[in-house]
There are 2 protein chains.
Amino acid sequence: MKKIQVLVAEDQAMVLGALAALLETEPDIAVCARAANGREALTLAGKHKPDILVTDIEMPEMTGLTLAAEVRERLPQTRVIILTTFARPGYLRRALDAGAKGYLLKDRPSAELADAVRRVHQGLRVVDPDLALEAWDSGPDPLTERERQILWRAGEGKSSGEIAEELHLSEGTIRNYLSEAISKLGASNRVEAARLARARGWL
Amino acid sequence: MKKIQVLVAEDQAMVLGALAALLETEPDIAVCARAANGREALTLAGKHKPDILVTDIEMPEMTGLTLAAEVRERLPQTRVIILTTFARPGYLRRALDAGAKGYLLKDRPSAELADAVRRVHQGLRVVDPDLALEAWDSGPDPLTERERQILWRAGEGKSSGEIAEELHLSEGTIRNYLSEAISKLGASNRVEAARLARARGWL
DNA sequence: AAACCCGGATGACAACTGTCACATCGCTTT
DNA sequence: AAAGCGATGTGACAGTTGTCATCCGGGTTT
């Protein structure tokens, strides 16, 4: 029986080693190489032609999303699984657009990783069900560009007056935008609004 | 030969499982239990009396730092190793104050984890050398425990009134603590204060 | 052209926030 | 015992924030 060859890419060395150890405990899976960033992963993928590439998103040199797109183009026989901390609908969409076959969260039980590898290897897609749901009912980004700019600055601790000056708007207008953003997000003040927006990947 | 009994606490389930798998590959180390947050870790530590507790810092319910302090008090025979993403001097300092025997970054090669476990088990301390240097010349944490509690909640977007209720203090007292924290940090409002404190690892 | 929508502005008002001076109260230090 | 200290509370005051109704001017739609 031939083992499924997996390449793992992850920038935190400790986590990379741990994920590799986790996959190696499976009898039908072998980790053929490890990469500490996207560029390295692309090189190693070319060399090893793995069946599956498991990759983080936020990495130096090249993000997992770019990596996925490159791999689809150059190594169509290698299937990509995104493994990330971020349950952001925006990331999920971009990952799928980039041709990723799986999107898995680091929050999920570790047993699911090997499962996902097997399923994707069989040609199935694996998308975190909670995230898919959340992406569905958290809906699209409700913030306008102005609201985003302003909420971002408010989240840094800037006052309405400072933001007004920075954006060449009146202070009252800033307050209006913030009020609108707070109400859209169901928050009770600017800080909570910023926190919620960040959590959903809208900031 | 008796294996070193290790309890691992980490809120990202996938990483938790992977770290456990990593440690299990060592012949002289056994993972006796796993916890998904600080409170669970404390309970399990009481039950299993592990030799070593490897814990993340940022976790729900109870942070790794609080956990370290509790463990020192209740289970002095268990030694704590902090394993975290954050190279923040303030975290290191607080970890050591809380009685942690090791402070390791997730950036480091995965082989160092087992090493650290062995060394700490032998009674040595293991602290990331770069971080130790940085911690030396950055100032001490200026915040009191109360200020930290309150600033933390303020940073989540809670109002003075909500925080007062939560901590059974008067609203005026909350405002006083926040005012003090803002002035200590040289910020101009609670949001900026929280941001600064977080960046330095004081929250 | 009339009707509408959009980004932006205004003013008023209540609520919340930040500051400060000053109490209390219990616990140490002298 | 007196003094000092730290944690907490109070009251007052000014400044900031959140909400709302309304207004204005420039494009679009009809």
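Here the structure is a predicted model, which means the values were calculated and not measured. Throughout, protein chains are lettered first and strands after them, A, B, ... in sequence-line order, and every chain is numbered starting at 1.
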Report task. Could you go through the salt bridge (charged side-chain N to carboxylate O under 4.0 Å, His left out) check for Arg153(B) and Glu156(B) one step at a time? Result -> CA-CA 5 Å; Arg153(B) 287 166 173 79; Glu156(B) 281 185 308; 5.9 Å; no
Query raised in the report: What's the verdict on side chain to side chain contact (heavy atoms under 4.5 Å, CB included) for Leu19(B) and Leu22(A), showing C-alpha distance, side-chain angles and the deciding distance?
Result: CA-CA 8 Å; Leu19(B) 288 172; Leu22(A) 178 64; over 6 Å; no
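The structure places OH of Tyr103(A) at 9.0 Å from CG of Asp128(A), a figure rounded to the nearest 0.5 Å. Separation of atoms CG (Leu196(B)) and CD1 (Ile182(B)) is listed at 11.0 Å; rounding is to 0.5 Å.
Think of the region where chain B sits on DNA chain D: with heavy atoms and a 4.0 Å cut, that region ends 5' and 3' at dA7(D) to dA12(D).
Arg119(B) CZ: 12 or fewer foreign heavy atoms inside a 6.0 Å radius. When the shell of 6.0 Å around CD of Glu145(A) is examined, it contains more than 12 heavy atoms from other residues, nucleotides or ligands.
For residues 54-63 of chain B, every residue pair satisfying the salt bridge (charged side-chain N to carboxylate O under 4.0 Å, His left out) rule, not counting sequence neighbours, is listed here: Arg39(B)-Glu61(B), Asp56(B)-Lys106(B), Glu58(B)-Arg88(B).
Not counting sequence neighbours, the partners of Glu70(B) by the side-chain hydrogen bond (donor to acceptor under 3.5 Å, both in side chains) test are Arg74(B). Considering only residues two or more places apart in sequence or on other chains, Glu26(B) meets the salt bridge (charged side-chain N to carboxylate O under 4.0 Å, His left out) condition with Arg118(B).
In this structure, Ser159(B) does not reach the dC16(C) phosphate: none of its side-chain N or O atoms is under 4.0 Å from OP1 or OP2.
Proximity of Leu7(B) to Ile52(B): side-chain heavy atoms (C-beta onward) are nowhere separated by under 4.5 Å.
Scanning residues 186-197 of chain A for heavy-atom distances under 4.0 Å to DNA chain D yields Asn189(A), Arg190(A). Near-neighbour residues of DNA chain C inside residues 161-184 of chain A, defined by a heavy atom below 4.0 Å, number-ordered: Leu169(A), Ser170(A), Gly172(A), Thr173(A), Arg175(A), Asn176(A), Tyr177(A).
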